[in-house]
2 protein chains.
Amino acid sequence: MTTTPTVTRQHTVIDSPYGALTLVATDGVLSGLYMTGQRHRPPEETFGAPDLRPFGEAARQLNAYFAGELTEFDLPLRLEGTPFQRGVWAELVRIPYGETRSYGELAGRLGKPGASRAVGLANGKNPIGIIVPCHRVIGASGSLTGYGGGLDRKQQLLAFERGAEGEAPVLF
Amino acid sequence: MTTTPTVTRQHTVIDSPYGALTLVATDGVLSGLYMTGQRHRPPEETFGAPDLRPFGEAARQLNAYFAGELTEFDLPLRLEGTPFQRGVWAELVRIPYGETRSYGELAGRLGKPGASRAVGLANGKNPIGIIVPCHRVIGASGSLTGYGGGLDRKQQLLAFERGAEGEAPVLF
DNA sequence: GGGCGGCTGGCGGAAATCCGACATCGACCT
DNA sequence: AGGTCGATGTCGGATTTCCGCCAGCCGCCC
């Protein structure tokens with residue numbers, strides 16, 4: 001017979017300036033962070049049993065981030081996807097706090113200059129929002145273009161990271 | 001949404017000179033007759049609830065057949081299969097009691113002279129044994145070649161139909 | 001008679017291929 | 001600026017193609 005995977009999965013919900021955040025752990029390691037109403041959010045029944053124990057450190061760092069006291073997460077993550085998706089997500093975490101990159105820029109960095117749309121696709125499938133900062137990717141012309149959690153949240157996140165001293169956010 | 005078929009299915013088991021026979025009805029019409037240990041016999045759980053009511057006439061004719069008093073069944077049948085299979089099965093019921101045809105002969109009658117092996121395949125999938133007389137098909141050389149219920153049963157059926165006055169059955 | 005080899009056609013599952021959907025980009029137009 | 005158009009890469013599901021199986025047949029050989 002085929003070997004059954006037998007992964008344990010737990011989840012919890014925390015509050016944030018961007019609404020409730022659902023945290024998911026697979027085998028005790030953070031594997032998902034989803035906003036309410038987010039596109040491509042997996043069905044609820046895949047989140048496992050409620051259990052806040054695995055999420056102590058993650059919640060601490062998120063709260064520090066929302067307070068403006070943390071600019072770089074340091075957490076074990078479990079990112080499961082196709083080789084290309086994993087490449088894109090690995091590139092995302094290298095974008096510094098407060099900065100942005102364009103889809104085409106990331107594609108070029110991956111050695112596939114024409115794959116900008118594919119980067120957008122993989123971006124949308126990012127399972128761990130905020131911590132894997134897909135919100136830092138915008139169009140080459142500077143337009144926000146899209147965000148699984150909604151363009152307004154993307155704009156708020158960027159404005160927040162740009163800092164209170166930043167000029168008014170570029171709206172669309 | 002897709003329309004659900006919602007077919008009713010019932011079954012019963014009767015005894016015979018060839019062992020227990022499982023009769024299956026779909027929407028009240030005979031759709032299956034399987035021997036014990038027969039190849040391609042569907043799994044038990046598809047036979048529906050036990051209920052002998054739909055099978056009165058079928059059982060009567062079968063008993064008459066086993067007693068040698070009936071040579072032609074007259075029953076509504078529900079034969080479900082591919083167009084080719086239905087063609088083969090339709091050809092089967094036209095083989096008279098006590099006679100035999102070869103696989104190639106049937107193939108030719110269907111307008112596909114080369115399809116003798118395909119006829120054998122369709123023959124093996126015959127859902128209503130005995131009544132749809134797949135046992136009356138033998139190799140061009142006269143050999144029995146195969147039977148879902150076992151070659152011995154095929155040989156017994158042919159010997160029985162040939163009649164007590166017939167000469168000794170050709171063994172293999 | 002029996003045993004091979006090569007041809008046959010249909011079937012069903014597996015593999016390969018196709019196609020639509022996209023969080024893009026650049027050139028061109030008005 | 002905004003809109004349209006074509007080219008681009010990946011993904012997932014659907015579709016198509018392929019391949020092995022088989023209740024055969026014929027010709028050839030021993």
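Quick caveat, the model's predicted, so the values are computed rather than measured. Protein chains get the first letters and strands the later ones, always in sequence-line order, with residue 1 at the start of each.
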Answer yes if A/I95 and A/Y147 sit in the same cluster of Ile, Leu, Val, Met, Phe, Trp and Tyr residues linked by side chain heavy atoms under 4.5 Å apart, and no otherwise. yes

Looking at D/dC25, C/dC25, C/dC11, which one has an atom nearest to any side-chain atom of B/A140? D/dC25

Out of the candidates A/V119, A/I131, A/L79, A/V137, only one should pair with A/L92 under the side-chain contact (heavy atoms from CB on, under 4.5 Å) rule; please name it. A/V137

Between D/dG9, C/dC11, C/dC25, which one does the side chain of A/A115 approach most closely? D/dG9

4.5 Å side-chain heavy-atom contact, A/L158 and A/T100: yes

Nucleotide forming a Watson-Crick or wobble pair with D/dC18, both distances under 3.5 Å: C/dG13

Without decimals, in angstroms, what is the distance between B/R109 CZ and D/dG24 P? 19 Å

For the atom pair CG (B/L151) and CD (B/Q156), what is the distance rounded to the nearest 0.5 Å? 11.0 Å

C/dC25, C/dC11, D/dA23: which one has an atom nearest the side-chain heavy atoms of B/Q85? C/dC11

Under 4.0 angstrom, heavy atoms only, what part of the nucleic acid is B/G124 near: base, sugar-phosphate, or nothing? base

Does the C/dA23 base have a donor-acceptor partner in the side chain of A/Y147 within less than 3.5 Å? no

Which nucleotide in the list C/dC11, C/dC25, D/dT10 gets nearest to the side chain of A/A118? D/dT10

Please tell me which of A/K125 and B/G120 maps to the more 5' nucleotide of DNA chain D, matching each residue to the nucleotide holding its nearest heavy atom. A/K125

Every protein N/O within reach of nucleotides 3-7 of chain D N/O, cut-off under 3.5 Å:
from, atom 1, to, atom 2, distance (Å)
D/dA7, N6, A/R117, NH1, 3.3

From CA spacing to verdict: salt bridge (charged side-chain N to carboxylate O under 4.0 Å, His left out), A/E161, A/R136: CA-CA 10 Å; A/E161 291 195 358; A/R136 292 178 193 151; 2.8 Å; yes

Taking the six-membered ring for Trp, are A/Y97 and A/F160 parallel (under 30°), tilted (30 to 60°) or perpendicular (over 60°)? perpendicular

Does D/dT8 have a Watson-Crick or wobble partner in any strand here, with both distances under 3.5 angstrom, and which is it? none

For C/dT8, give its Watson-Crick or G-U wobble partner with both distances under 3.5 Å, or none. none

Heavy atoms from C-beta onward define the side chain here; which of C/dG10, D/dC25, C/dC22 lies closest to that of B/L121? C/dG10

Atom-pair distance (CH2 on A/W89; P on C/dA23), nearest Å: 15 Å

Count the heavy atoms of every other residue, nucleotide or ligand shown that sit under 6.0 Å from CD of B/E72, and state whether that count exceeds 12. no

